[in-house]
Protein chains: 2
Amino acid sequence: MRVTIRDVAHAANVSISTVSRVLNDTCVVSEDKRLLVLEAAKNLNYRPNPAARSLLNKSTGGLGVLLPFVSGEFFSEFLGGIDEAAQKNDFFLMISTSHRHQDEFRAAMRAMDKRVDGLIIMAPELGAEDAASIPSLDEPVVFVNTNIDQRPFDVINFDNFGGAHALTRHLLELGHHRIAHIKGPADARDAQERTRGYRMAMAESGIEDVVALEFQGGFTQESGHAAANRILQMDPRPSAIMAANDYSAMGVLSALHEAGISVPKDVAVAGFDGLASGQFTVPPLTSVRVPVRELGSTAVMRLIDRLHGKLADTAPLRLDLPVELLIRESTSAKAVHGRTPAFE
Amino acid sequence: MRVTIRDVAHAANVSISTVSRVLNDTCVVSEDKRLLVLEAAKNLNYRPNPAARSLLNKSTGGLGVLLPFVSGEFFSEFLGGIDEAAQKNDFFLMISTSHRHQDEFRAAMRAMDKRVDGLIIMAPELGAEDAASIPSLDEPVVFVNTNIDQRPFDVINFDNFGGAHALTRHLLELGHHRIAHIKGPADARDAQERTRGYRMAMAESGIEDVVALEFQGGFTQESGHAAANRILQMDPRPSAIMAANDYSAMGVLSALHEAGISVPKDVAVAGFDGLASGQFTVPPLTSVRVPVRELGSTAVMRLIDRLHGKLADTAPLRLDLPVELLIRESTSAKAVHGRTPAFE
DNA sequence: AGACTTCATGAAAAGGTTTTCAAAAAAATA
DNA sequence: TATTTTTTTGAAAACCTTTTCATGAAGTCT
């Protein structure tokens, strides 16, 4: 933090206003002074102080991203989509994690406040009552993968319900009746939607007593592994397991393998998210591809449109991105001896 | 950007100095005024402007992270380690990607400049000549997974050479002689080190003509897949393939599977990085675990120590984090019918 | 009680930039 | 040439804090 605009002005023998004008080319300045300034700035390695600048501008050129975790394939792809879109539009990125905790969430909000021009928030665990108590910020916010109804925010989600419904139907059509379901974190809205899709499909097939088939999980391999072991102890053993996400499903595969149970011959397994690594499990995992990368880029574009005032009096967005059923060998016995799912 | 410290001062009927003192509790102020200020600030929902603050302080409370990509298991875990350590120390995080491009790298450097107190840079493709031309910043920098010699920066790397050497020896000890090697990006220093380890181990075994066994890859599944197909056309076919990272190795597995070649019976396969998803490939992938999460947290801690001036006149750090050989079924035939690698 | 120290408080400067406003210089018009 | 218009330039205000300095009040000591 050394060389300032004054130094450049002095070196070029002009006023600081002129330097500012040249560097932002905001006005016409005579060619000779222009060159003088440019050279002085270069020689001194002058780099404007963004703090001073944004104090006037009231804009930082940054976007804030608040999400539960930063690692894991799901969040990582999401960030990739965000990063790409942000970079293309010359915004820098500030990133914070909540770990699904209220207090970390609030702390992150506070930290982002006024350091960025807008926020993208993914907080699936955010309930209606929490939402009401969100500290109000001055920046526009786009919520993703979050159920926020009562506030005038843009919201972009996946069609979790539809995906889970289609996936459950797929299992039913394969002839499965006793389909166990490993749920996601109890307070995560996306997980709840998936469970809702499962229940609906089951109910439509006339299978009512579904609660006994549901097991609590936590979107992690560990929880999937543990739940699978409990499922294996049920007396009429379920012939299929639908996990709320791919990580849980991988834990299930691992537990079944340890127990010497063949997939999908003895038990079919399905996940949710369509992670790339699902292609490489044994057997490759049936899942529902959610366009998580696209979610990131769409959110950025929407946010930037808001920032540019293009959407000044547009109604808040409610968008559910479509999902896609990925049928692989963990459910579809016929495919077991076929080739690996397409490798692109 | 509405309510300022003036408004609070006015509401509490004190001077702005007093408000500042209360909010930062930097001096003693009488209890009655203190309460008045606190209440006014709360009522008005006052949140200090970080730009104004850092203009005085010359500190932002942020760390910048510059890395090739933000998605993918490797970078994702790295970010996880960084995030955890940064959050614990109350630093926010600014993140940029270079995509291995010089110009994006420079743009990111410029964007970070003065917006953060220090930088963590991962730029494996940065050569000696590039390093010399790094735009000089005022903030301290810790380089990770980057070969920078001639500058007084802290540098933390993995023992890529040692890991590759050990992995190659493992294959040699299994009786393989014709071990093909799929290299990483030509300009990536970490990839070069891995190739060096491979060559050294081969040479030590008296295998000299190693160049014919080397194939160019790019750290991606696609490149591994393509290279494997070329390897399969060699006349005395190699009995083992050592890829420069796990993603390439997964591409290899995929190509071998398509060609109906059994792993490890016909061809043994090994990767590098020890990604979690390597547990789930068919068969599970032998690899070298690099402590990438730890790399992130170590870098943060080192950087924060520098910021606090604790290392004022300490010599720049040169640290190679130890790596660990992970032997799984893709190389070790005996394990093929054993159980899945430990699931924790 | 007087001199001196401690304490709480406010005024003002500083930090680095952008931008408004006015002045000066140059060009154009009569 | 005198006057008006246009163009270029610099001075200063503004942005929002923190911090130094000075002031006045309160407390302490002989």
Side-chain angles (χ1 to χ4, degrees), chain A residues 1-38 40-41 44-62 110-117 137-139, chain B residues 1-38 40-41 44-62 110-117 137-139:
Chain A
M1 304 237 186
R2 204 62 51 78
V3 37
T4 78
I5 197 173
R6 308 206 95 76
D7 302 321
V8 180
H10 190 255
N13 215 23
V14 296
S15 74
I16 59 171
S17 336
T18 303
V19 176
S20 174
R21 281 189 270 256
V22 170
L23 264 33
N24 304 302
D25 62 29
T26 174
C27 288
V28 185
V29 296
S30 64
E31 190 60 14
D32 50 342
K33 302 217 181 207
R34 218 180 68 83
L35 293 175
L36 242 51
V37 168
L38 251 32
L44 296 173
N45 184 27
Y46 168 68
R47 303 173 317 264
N49 184 324
R53 182 175 277 184
S54 69
L55 196 54
L56 276 297
N57 287 350
K58 271 118 179 49
S59 103
T60 62
R110 250 195 311 278
M112 305 264 214
D113 180 45
K114 283 178 200 153
R115 281 191 233 263
V116 293
D117 297 339
L137 304 180
D138 301 328
E139 297 83 19
Chain B
M1 305 236 185
R2 202 64 48 79
V3 36
T4 78
I5 197 173
R6 307 207 96 74
D7 303 319
V8 179
H10 190 255
N13 215 22
V14 296
S15 72
I16 58 171
S17 336
T18 303
V19 177
S20 174
R21 281 190 270 255
V22 170
L23 265 32
N24 304 302
D25 62 29
T26 173
C27 288
V28 186
V29 296
S30 65
E31 191 59 14
D32 50 341
K33 304 217 180 207
R34 217 179 70 82
L35 292 175
L36 243 51
V37 168
L38 251 31
L44 297 172
N45 184 26
Y46 168 67
R47 304 174 316 267
N49 184 324
R53 183 175 276 184
S54 69
L55 197 53
L56 275 297
N57 288 349
K58 271 119 179 51
S59 102
T60 63
R110 249 195 312 278
M112 304 266 214
D113 180 45
K114 284 180 201 151
R115 281 191 232 264
V116 293
D117 297 338
L137 304 180
D138 301 328
E139 296 84 19

Mind checking the OG1-CG spacing from B/Thr18 to B/Asn13? Nearest 0.5 Å is all I need. 10.5 Å
Distance, rounded to the nearest Å, where B/Leu56 contributes CG and C/dA12 contributes P: 18 Å
Closest heavy-atom pair, A/Arg115 versus A/Ala111, reported as atoms and distance to 0.1 Å, is NE-O, 2.7 Å
Tightest non-hydrogen contact, residues A/Val8 and A/Val37, listed as CG1-O, 4.1 Å
Side chain to side chain contact (heavy atoms under 4.5 Å, CB included) partner of B/Val19, the single match among B/Asn24, B/Val14, B/Val29: B/Val14
Between A/Arg6 and A/Cys27, the residue closer to the 5' end of DNA chain C by nearest nucleotide is A/Arg6
So, B/Asn57 versus B/Ser59: side-chain donor-acceptor pair below 3.5 Å or not? no
Over the length of the helix from C/dA1-D/dT30 to C/dA30-D/dT1, how much do the five-pair end axes diverge, rounded to 10 degrees? 50°
Residues A/Arg47 and B/Lys114: closest non-hydrogen pair is O-NZ, 2.6 Å
Over all atoms of both residues, closest heavy-atom pair of A/Ala12 and A/Ala40: CB-CB, 4.0 Å
Among the candidates D/dC16, C/dT18, D/dT8, find the nucleotide nearest to the side-chain atoms of A/Val28. D/dT8
Do we see a donor-acceptor contact under 3.5 Å between the side chains of B/Ser17 and B/Ser20? no
Identify which nucleotide among C/dG16, D/dT8, C/dT18 has an atom closest to any side-chain atom of A/Arg53, counting heavy atoms from C-beta outward. C/dT18
Report the distance from atom CG of B/Asp7 to atom C1' of D/dC15, rounded to the nearest whole Å. 13 Å
Residue pair A/Arg53 / A/Asn49, side-chain heavy-atom distance below 4.5 Å: no
So which atom in A/Val3 and which in A/Asn45 form the shortest heavy-atom distance, rounded to 0.1 Å? CG1-O, 3.9 Å
Protein-nucleotide distance (A/Asn57, atom CG; D/dC15, atom C1'), rounded to Å: 10 Å
Sorted by number, residues from residues 11-25 of chain B placing a heavy atom under 4.0 Å from DNA chain D are B/Ile16, B/Ser17, B/Ser20, B/Arg21, B/Asn24
Any side-chain N or O of B/Lys58 below 4.0 angstrom from OP1/OP2 of D/dT18? no
Here the distance between atom C1' of D/dA13 and atom CG of A/Leu55, to the nearest Å, is 13 Å
Please report the shortest heavy-atom distance between A/Tyr46 and A/Thr4, naming the atom on each side. CE1-C, 3.5 Å
Would you mind telling me which of D/dT17, D/dT9, C/dT17 lies closest to the side-chain atoms of B/Ile5? D/dT17
Would you say the side chain of A/Glu139 lies within less than 4.5 Å of the side chain of A/Asp117, judging by non-hydrogen atoms? no
Could you identify which residues of residues 30-37 of chain B place a heavy atom less than 4.0 Å from some atom of DNA chain C, listed by residue number, or say none? B/Ser30, B/Lys33
From the list C/dT17, D/dT17, C/dG16, which nucleotide is the closest neighbour of the side chain of B/Thr4? D/dT17
Tell me: CG of A/Asn49 to C1' of C/dG15, nearest whole Å? 9 Å
Between C/dT17 (P) and A/His10 (NE2): distance, integer Å: 16 Å
